Structure formats: C-alpha cells, structure tokens
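Remember, it's a predicted structure, so these values are computed and weren't measured experimentally. Because only heavy atoms are used, hydrogens play no part in the values below, and waters and symmetry mates are left out as well, while side chains stay in.
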Amino acid sequence: MGFSPKRMILLCLGIGLFMACVPSDGLESDFLPALIAGNIRGTDVTVILEVRESERVSTLGGYARWRISAEVVRSFKGGYVPGEALEYFRTTETEFPPPEKGSRHIVSFVLEEERPVIPDEGYHFPWSAELGEQVAAELARPAQPGENYPD
C-alpha cells in the first residue's frame, strides 16, 4: 500500500495539526533544568553571573566573539564567590544580540590553563528564579544509571 499524493497531504496536515496542539514549552522546561544539572555535574565551574559589560571583539563568517565582564552572584561549583569579577569569552551567531548589562545568566565552564572556557552554546543560559527552583530540584534527584558525572 503506497501513499497517494492525497494521502501524503492529509498525513502532513495531520502531523502539522498535532504539532500545533502539543505544548512545546513543557518539553523545553523539563529538558533545560536537567541539562543545566548535567552541566553542573560535568564541568569545572558553574556560576550565576550578572553581566557588567560586553564587547564584540571579533567577527568571522556568521559568528561573533564577545568579551563579557561579569560579577558572580552564586557559585554552584568551582570556588568562585559572590561579588567576584569574572571575564570570559562567548561565541554566538552574529544575529544574536549581546548580553544586556545587568542581565543574569547561568554559565558552566571548563578550565583551560586556569582560565574559564565555555565548551559550547549548551552551557550559557538566561537565569530566572523559576529556573533556579527547577535546577535545585533536579540536583536533589539521585543520579540515574548512566549518569556518571563527577561530583
């Protein structure tokens, strides 16, 4: 039994209708706290930062490199203390705006030659009190089999 053009169109419409009815926010809000908890467990440093200044230092192709000066608000891991200054670099696609002064982000770093480096874009997220509660709940959950993260 093959798919006629009419059946293919109906199938596509049905899938489109289904996707429109499924709330994607629930999937993302469940996924993000687990991702951040995994980042905390699997990196050298994870902190909540408040941006003081950001400056585009280079552009290559469709990517921009930003130097970001921030202040630590909270440290989950890595020895930084609230109030401590931290400067790091972040690469984004050029159409992404710079982080706004005063905005808060949770950022996980690996240390390379004692300097904090963001492994990729899956380690830098806007912070909110609600996300904080979700991450705390995720961190309180015992690690599942296969989650071999260092403490």
Side-chain angles (χ1 to χ4, degrees), residues 11-12 14-151:
L11 179 64
C12 290
I15 291 172
L17 181 61
F18 173 76
M19 295 301 288
C21 294
V22 173
S24 63
D25 183 48
L27 296 175
E28 184 175 313
S29 65
D30 291 343
F31 174 74
L32 190 55
L35 175 64
I36 292 171
N39 290 349
I40 292 169
R41 293 180 182 116
T43 58
D44 300 315
V45 175
T46 299
V47 289
I48 299 171
L49 298 171
E50 186 168 307
V51 174
R52 296 291 177 227
E53 181 180 10
S54 61
E55 172 189 10
R56 184 184 290 200
V57 294
S58 65
T59 304
L60 179 61
Y63 296 93
R65 182 170 166 96
W66 300 91
R67 178 181 22 245
I68 301 171
S69 300
E71 182 179 305
V72 174
V73 174
R74 178 179 174 193
S75 178
F76 287 94
K77 184 177 183 183
Y80 286 93
V81 296
E84 188 171 353
L86 180 63
E87 183 176 277
Y88 64 99
F89 292 90
R90 178 183 186 199
T91 301
T92 64
E93 293 178 1
T94 53
E95 65 267 11
F96 279 68
E100 293 181 24
K101 183 176 183 174
S103 63
R104 290 189 174 186
H105 304 265
I106 183 165
V107 187
S108 295
F109 300 98
V110 294
L111 295 177
E112 293 181 3
E113 299 178 9
E114 301 300 315
R115 297 210 29 98
V117 175
I118 300 173
D120 65 38
E121 274 307 292
Y123 295 84
H124 194 289
F125 300 99
W127 184 252
S128 69
E130 179 183 359
L131 181 59
E133 292 170 9
Q134 294 169 340
V135 169
E138 188 66 31
L139 287 170
R141 177 185 66 77
Q144 300 299 309
E147 292 180 340
N148 296 323
Y149 300 112
D151 287 335

Minimum heavy-atom separation for [X] and [Y], please, with both atom names.
| X | Y | result |
| --- | --- | --- |
| Gly78 | Val45 | CA-CG2, 4.0 Å |
| Arg56 | Trp66 | N-CE3, 3.3 Å |
| Leu131 | Pro126 | CD2-O, 3.5 Å |

The salt bridge (charged side-chain N to carboxylate O under 4.0 Å, His left out) partners of Arg52 (sequence neighbours excluded) come to Glu50, Glu71
For Glu112, the salt bridge (charged side-chain N to carboxylate O under 4.0 Å, His left out) test, sequence neighbours excluded, returns none
Exercise. Counting only N and O atoms by type, is there a donor-acceptor contact under 3.5 Å from the side chain of Asn39 to the main-chain atoms of Ser108?
Worked result: no
**Q.** Under 3.5 Å donor-acceptor, Ser54 side chain and Pro99 backbone
**A.** yes
Residues pairing under salt bridge (charged side-chain N to carboxylate O under 4.0 Å, His left out) where one sits in residues 79-101, two or more places apart or in two chains, turn out to be Arg90-Glu121
side-chain contact (heavy atoms from CB on, under 4.5 Å) test vs Tyr123 passes for just one of Ile106, Thr43, Ile36, namely Thr43
- Would you check if Leu49 and Trp127 make a side-chain contact, meaning some heavy-atom pair closer than 4.5 Å? no
* State, yes or no, whether a side-chain contact exists between Arg41 and Leu139 at a heavy-atom distance under 4.5 Å. => yes
Would you say that more than 12 heavy atoms from the other residues, nucleotides or ligands in this model lie under 6.0 Å from the OH of Tyr63, or not?
no
Atom CD of residue position Glu130 - does it have more than 12 heavy atoms of other residues, nucleotides or ligands inside 6.0 Å? no
